Amino acid sequence: MKVIAERRAKAEEMKARGENPFANDFKVSHLAEDLSALFAEHSLEDLEAAIAEGSAPRFAIAGRLMAKRSFGKVAFGSLRDRSGDVQLSFFRPELDTDIWTAMKKADLGDIVGCEGVMMRTKAGELSLKVDLFRVLTKSLRPLPDKWHGLTDTATRYRQRYVDLIVTPEARDTFKMRSKVLRYLRQFFDKRDYMEVETPMLQPQYGGAAAKPFETHHNALDMKLFMRIAPELNLKRLVVGGFHRVYEINRCFRNEGISTRHNPEFTSLEFYEAFATYEDLMRLTEELISGLAEHLHGTSTLPWGDHELNLSAPFRRLSVRDGLAQYAGVPTESFYDREVLMEAAKRLKIGKAESMPLGYLQMAVFEEACEADLIQPTFVTDFPLDVSPLSRRKESEPTLVDRFELYVGGQEIANAFSELNDPDDQRGRFEAQVEARDSGDDEAHPMDEDFIRALEYAMPPTAGEGIGIDRLVMLLTNNTSIRDVLFFPLLRPEH
RNA sequence: GGGCUAUUAGCUCAAUCGGUAGAGCACCGGACUCUUAAUCCGUUGGUUGAAGGUUCGAGUCCUUCAUGGCCCA
């Protein structure tokens, strides 16, 4: 490519002049935002006077050259470092010829180092009046169009480094993601939770209904799974006496890829002894509305064509009522297989005949309700069949003390009062094993050690998992999970 | 997995009925002492995603493949 060849030639010219096009000897004194903060109140005249009497402080900044506008004897540039942008100004009559030439030769995208004093332009803009200028790192490839940026999604994801340079929204999203994680840690730390880490490589997987990735440990010649959830290990820690724990980390599920699924994703799971799922609803409301306030100063956020109201309290909707309101299944027919089958047929749900009742109830619920649950909604009272780790509802033992939080038409959180009766747990696992044997490859496998742990007594506990990627999507108004992951999984390029 | 759709210069996009692939930005050269998408003048830049096919002639039509996007399951 011609442009690359030209830039390589410039790098060679630098070498010929004894300059290193990949130098690492420039000392930075300040960031762009330091300069705008320090001089926010200084007038053009003040700054000119300081320069004239030689009392103006000198600054050394470095970053990527993002724009260049040159005239006969004056030029302006824009330098971006990790804090933001600052304008550079060059005045030919006052500069060494070499410095002016170096500036003229510099390409957009080069990493440059500048020294000088602060001034204001006639338009009033703060500007570093440069007297020393070097290309520190030569950029060999041209940046995308400075106005249109990168629009091709494949390129944006595959070459995220370029996307981050030219797409401010992408930068903002990832800054926001980082803030979310920090907020979550502070939120739980304040409540005396302990952050823990549990294995991602496991001889036995569990804690969710999903297909795992498998791998192999050579030394032990043993099959290992990538975890699909940290749940069982976190509950082992509760048994061990760590009564408030949370883990923020990656989970892996060997499933399809879509705008809301990536094979690896980040989950927050937290467990609190002596709490119930109802306590967690209040905690979740506080967490999410607090997060919105913290990030945006409001709990009303745009989401596609909608506006989300994330202020507490959130709506509560039992699965039973949801089926009645959205799927035309009267509350008294909640357990009526025929009525549910009619609804399933209407909603074109495949393989409904072979589903156990709880699965059928949830399949109909998800198909009929999910997309309409835009405003935050706690869906409660799940069927026992689909909840092998949840505590039975005392008033209605075919249901469990569980909720899922839906926002923006997608599941954000899943929580329940934990099942801590080891015998009931064994029965649930056995039912899951049976389901697996009859073809459900997402059924939960038996975990003898987990039952043994429960036999030592796990205090009454409530636990919750929150999908961090989806949460960030909501908080940044991104409708694709790929926009909140630095490097989403894609097919190989060639 | 199925349907629809897209892929053209480094980037953003044009190209009428199938008839010589073009513009803006970037780049290169020139003018210019306050710009901020600077402006003006002049150049350069193409295996039209890949492979086949139809045709005198294919960016355009057909087939297959690759990679995205949207919708459905």
Side-chain angles (χ1 to χ4, degrees), chain A residues 1-11 13 32 36 44-45 47-48 51 64-80 84-95 100-101 103-110 118-130 138-168 170 255-261 304-305 344-352 363 366-367 370-371 409 478-483 488-494:
Chain A
M1 255 180 317
K2 196 191 162 204
V3 188
I4 293 179
E6 283 167 353
R7 290 188 172 209
R8 284 188 178 278
K10 286 184 183 177
E13 285 169 27
S36 37
L44 187 156
E45 292 75 18
L47 293 169
E48 265 182 4
I51 293 170
R64 195 180 293 275
L65 185 64
M66 294 305 293
K68 203 164 76 171
R69 303 175 286 279
S70 90
F71 302 79
K73 297 193 176 70
V74 185
F76 298 95
S78 179
L79 178 144
R80 177 180 302 153
D85 291 15
V86 66
Q87 179 167 267
L88 309 172
S89 52
F90 301 83
F91 297 90
R92 188 173 190 174
E94 304 174 41
L95 277 178
W100 179 264
T101 310
M103 180 278 295
K104 293 289 278 185
K105 285 272 178 188
D107 288 304
L108 298 190
D110 286 353
M118 287 306 283
M119 58 163 280
R120 274 188 196 278
T121 63
K122 287 174 186 169
E125 182 168 353
L126 277 174
S127 194
L128 185 76
K129 186 178 181 187
V130 176
K138 190 66 198 163
S139 166
L140 299 178
R141 290 178 183 266
L143 291 175
D145 187 287
K146 67 182 172 192
W147 188 242
H148 298 96
L150 257 192
T151 61
D152 180 57
T153 50
T155 310
R156 289 190 53 219
Y157 300 144
R158 288 188 200 284
Q159 298 180 238
R160 183 67 91 182
Y161 37 89
V162 180
D163 185 39
L164 290 170
I165 294 169
V166 300
T167 315
E255 293 162 1
I257 296 174
S258 77
T259 49
R260 37 180 86 177
H261 298 89
D305 300 331
K345 194 170 288 176
R346 218 166 39 240
L347 294 162
K348 301 188 178 106
I349 295 169
K351 297 180 204 157
E366 279 168 20
E367 191 60 36
E370 203 170 274
N478 279 301
T479 50
S480 172
I481 197 169
R482 291 177 162 185
D483 290 321
L489 188 70
L490 300 172
R491 286 196 166 82
E493 208 167 340
H494 296 295

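Letters A, B, ... are given to chains in the order of the sequence lines, protein chains preceding strands, and every chain is numbered from 1. In this text the structure is predicted, and so the values were computed from the model without any measurement.
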Kindly indicate whether the side chain of A/D107, heavy atoms from C-beta on, has any atom under 4.5 Å from the side chain of A/K138. yes

The answer to which of A/T151 and A/F91 contacts RNA chain B further toward the 5' end, by nearest nucleotide, is A/T151

Please classify the nucleic acid contact of A/S70 as base, sugar-phosphate, or nothing, using heavy-atom distances under 4.0 Å. base

Scanning all shown strands, the Watson-Crick or wobble mate of B/A9 with both distances under 3.5 Å is none

Counting only Watson-Crick or G-U wobble pairs whose two distances fall under 3.5 Å, which nucleotide matches B/C4? B/G69

Provide the Watson-Crick or G-U wobble partner of B/C61, both distances under 3.5 Å; none if there is no partner. B/G53

Would you indicate what A/K10 reaches in the nucleic acid, counting non-hydrogen atoms under 4.0 angstrom: base, sugar-phosphate, or nothing? sugar-phosphate

If you look at every strand shown and take non-hydrogen atoms under 4.0 Å, does A/R156 touch a base, only sugar-phosphate, or nothing? nothing

Separation of A/K146 atom NZ from B/A26 atom P, in whole Å? 4 Å

In this structure, how many angstroms lie between the C1' atom of B/G10 and the OH atom of A/Y161, rounded? 13 Å

Picking from B/U33, B/C34, B/U67, the nucleotide nearest the side-chain atoms of A/K122 would be B/C34

Using the P atom as the reference point in each nucleotide, state the distance between B/U39 and B/G59 in Å, no decimals. 34 Å

Atom pair distance, as rounded to whole Å: CD in A/E366 and P in B/A73: 14 Å

What is the nucleic acid contact for A/R120, judged by heavy atoms within less than 4.0 Å: base, sugar-phosphate only, or nothing? nothing

Roughly how many Å is it from CD1 in A/I4 to C1' in B/G45, rounded to a whole number? 13 Å

Can you tell me, in whole Å, how much space there is between the P of B/U44 and that of B/G3? 46 Å

Let's test this: given Watson-Crick or G-U wobble pairing with both distances under 3.5 Å, identify the partner of B/C17. none

How many Å lie between NE2 on A/H148 and C1' on B/G24, as a whole number? 8 Å

Whole-Å gap separating P (B/C11) and CG (A/D152): 8 Å

Residue whose closest nucleotide on RNA chain B lies nearer the 5' end, A/K104 versus A/W147: A/K104

I want to check something: taking the side chain as every heavy atom from C-beta on, are A/K68 and A/M103 in contact at a cut-off of under 4.5 Å? yes

Taking side chain as C-beta onward, heavy atoms only, is A/R141 less than 4.5 Å from A/I4? yes

Return no unless some side-chain N or O of A/R7 is found under 4.0 Å from OP1 or OP2 of B/G10. no

Please tell me if A/R69 has a side-chain N or O lying less than 4.0 Å from either OP1 or OP2 of B/C34. no

Quickly work out the A/F71 CZ to B/G30 C1' distance and round it to whole Å. 16 Å

So what does A/A123 hit on the nucleic acid, given a heavy-atom distance under 4.0 Å: a base, only sugar-phosphate, or nothing? base

Calculate the interatomic distance between A/L88 atom CG and B/A38 atom C1'; express it in whole Å. 16 Å

Report the base-pairing partner of B/A31 (Watson-Crick or G-U wobble, both distances below 3.5 angstrom), or none. B/U39

When all nucleic acid strands are considered with a 4.0 Å heavy-atom cut-off, which category describes A/T121: base, sugar-phosphate, or nothing? base

When you compare B/U8 with B/C61, how far apart are their P atoms, in angstrom units rounded to a whole number? 16 Å

